[in-house]
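Just below is one structure, and these are the notes that go with it.
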Amino acid sequence: MTAADTSLRPTAAANWRALGTSVRLVTTDPALLDSCNLLLARQLAEVDAACSRFRDDSELVALDRADGRPVRVSPLLAEALAVALRAAAATDGAVDPTVGSAMNAIGYDRDFRLVQEEGRPAKLTVRPVPGWRLIRLDRATGTVTVPAGVRLDLGATAKAWAADKAAVTLARVAGCGVLVSLGGDTAVAGEPPAGGWRIRVQDVTGPVDETPPQGPYATVGLRGGGLATSGTTARAWRSGPHTLHHILDPDTGLPTDSPWRTVSVAAATCADANAASTAALIKGTGAERWLSGLGLPARLVARDGTVVTTPGWPTTGTPQFPPPPPLPIPVPDSGAPPPNPRSSNAGGAEYFAARADISAPPAFEDKGGSGGAAPRVGTGRGGGGEESPAADTTEAAP
């Protein structure tokens, strides 16, 4: 099949739920949608069994019971942990997988819908998280050592990583363009539609065929890589007199007090984009400078609705960026990650070296294409799947 043939085909989409969040799959070959969807469902079930902190039978929860002893884990969980540790190193510890106990302490210890409904009071105490450097992952032996009392939460990385893996696998197997969005954490692979995948980033969720009812929004074209948005408003709940959210500052173990309500980032992988968008919220006033230094296209929305973008975030008339390198999932080969002082940016620039292939789409909107409800462009913080305040449309641009 030629690239021209692929670009002329209409896209087809499926929408459902898994990992406690929305799932959206779009293919450039409608005839392959059902078979791709079956394979995606199987992959996500495997991720859930390995990485969920809300399942008593998951591999991740089994680490809680090991009491500091080395545990042999599946290659899938080892890869998920490696991605989480590398993200921690690249963000100077802003994205830290050892926030599990802090999440439980603020009341986020079960599916988010139950957290919202029950609103149990939580005692808010500054309690810095143990720190990602305490985790030992040996890829050679397939073992993980977690100190006694440390609880892991892979919510900040696992969902985006799963979207990357699924998009690459499905595109290779099906031989067509594929978009996978998990709670809005969006990864694309294969030959894109003509004009790229249209992604609408906004503060308030809504169907793909409706203009956002409030707040600023932007539509961009994505041809390769991933796009993610992190926010502090959608996954919020009341606990006594407090309004809490799920983006925790590892320095305090409490929800971050960020000047930004959402941060959107495009990167060579969805895992990269998600780690950077989360870290930007936690870094606060220095986020714009940090993202610019890494060369990442980003859009930051302040609490008052002011929109700030970094170099590379597209505007109408911006030319296409050159395609990024292939989408490897960065994982260490063995052992613990190298030391990386929180105050430095060591390793960050190298980790985020490649950019997504992102551009401004045509000035007009195409309301055809995939249809269906838009998944929320996502955060993935807190394990078990997240949905964030921004919605995306995943359509083929004309």
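A donor-acceptor contact closer than 3.5 angstrom links the side chains of E59 and S74. A donor-acceptor pair shorter than 3.5 Å can be found between the side chains of N37 and W16. With hydrogens and angles left out, the side-chain atoms of T27 and D29 include no donor and acceptor closer than 3.5 Å. In summary, the side chains of T229 and T262 do not present any donor paired with an acceptor at a separation below 3.5 Å, with no hydrogens or angles considered.
For the pair L63 and L152, the minimum side-chain heavy-atom distance is below 4.5 Å. Considering only heavy atoms from C-beta on, I282 comes within 4.5 Å of P250 through its side chain. Considering only heavy atoms from C-beta on, L154 stays 4.5 Å or farther from W161 through its side chain. In this structure the side chain of R55 reaches within 4.5 angstrom of the side chain of D48, judged on heavy atoms. Within the 4.5 Å cutoff, side-chain heavy atoms of P97 are placed close to those of L85. For the pair R289 and K283, the minimum side-chain heavy-atom distance is 4.5 Å or more. Proximity of T98 to I135: side-chain heavy atoms (C-beta onward) are separated by under 4.5 Å at one or more points. Counting only heavy atoms from C-beta outward, the side chains of T186 and W197 never approach each other to under 4.5 Å.
Each of L170, T28, L33 was compared with C176 under the side chain to side chain contact (heavy atoms under 4.5 Å, CB included) criterion, and only T28 meets it.
One hydrophobic cluster, built from ILVMFWY side chains closer than 4.5 Å, holds both V150 and V71. Cluster annotation: V308 is connected to L296 through the hydrophobic network of ILVMFWY side chains, with a link wherever side-chain heavy atoms come within less than 4.5 Å.
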*R136 and V144: side chain to side chain contact (heavy atoms under 4.5 Å, CB included), yes or no, with the steps?*
CA-CA 6 Å; R136 294 293 178 262; V144 177; over 6 Å; no
*For E288 and T310, run side chain to side chain contact (heavy atoms under 4.5 Å, CB included): C-alpha distance rounded to whole Å, both residues' side-chain angles, the deciding distance at 0.1 Å, then the answer.*
CA-CA 7 Å; E288 180 186 358; T310 65; 4.2 Å; yes
_Derivation and outcome, side chain to side chain donor-acceptor pair (under 3.5 Å), residues S277 and S230_ = CA-CA 6 Å; S277 62; S230 296; 2.7 Å; yes
*Going through the checks in order, is the side chain to side chain contact (heavy atoms under 4.5 Å, CB included) test met by V201 and T219?*
CA-CA 6 Å; V201 181; T219 303; over 6 Å; no
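The SG atom of C51 sits 5.5 Å away from the CG atom of L76 when rounded to the nearest 0.5 Å. Expressed to the nearest 0.5 Å, how far CZ of R299 lies from CG of L227 amounts to 10.5 Å. Here C270 contributes atom SG and D164 contributes atom CG; the two are 5.5 Å apart, rounded to the nearest 0.5 Å. Interatomic distance, CZ of R139 versus CG of L137, reported as 6.0 Å (0.5 Å rounding). With values rounded to the nearest 0.5 angstrom, D357 atom CG is found 6.5 Å from R223 atom CZ. The distance from atom OG of S264 to atom CD1 of I199, rounded to the nearest 0.5 Å, is 11.0 Å.
Not one N or O on the side chain of T306 forms a donor-acceptor pair closer than 3.5 Å with the backbone of A302. A distance-only check finds no donor-acceptor pair linking the side chain of R24 to the backbone of S181 [under 3.5 Å]. Judged purely by atom type and a 3.5 angstrom limit, N274 has no side-chain atom pairing as donor or acceptor with the backbone of A228. With hydrogens and angles ignored, the 3.5 Å screen pairs a side-chain donor or acceptor of T91 with a backbone N or O of V95. Judged by distance alone, with hydrogens and angles left aside, the side-chain atoms of S58 form a donor-acceptor pair with the main-chain N or O of S52 at under 3.5 Å.
Chaining together hydrophobic side chains whose heavy atoms lie under 4.5 Å apart places V301 alongside V307.
Counting heavy-atom neighbours within 6.0 Å of R42 CZ, excluding the residue itself, gives a total of 12 or less.
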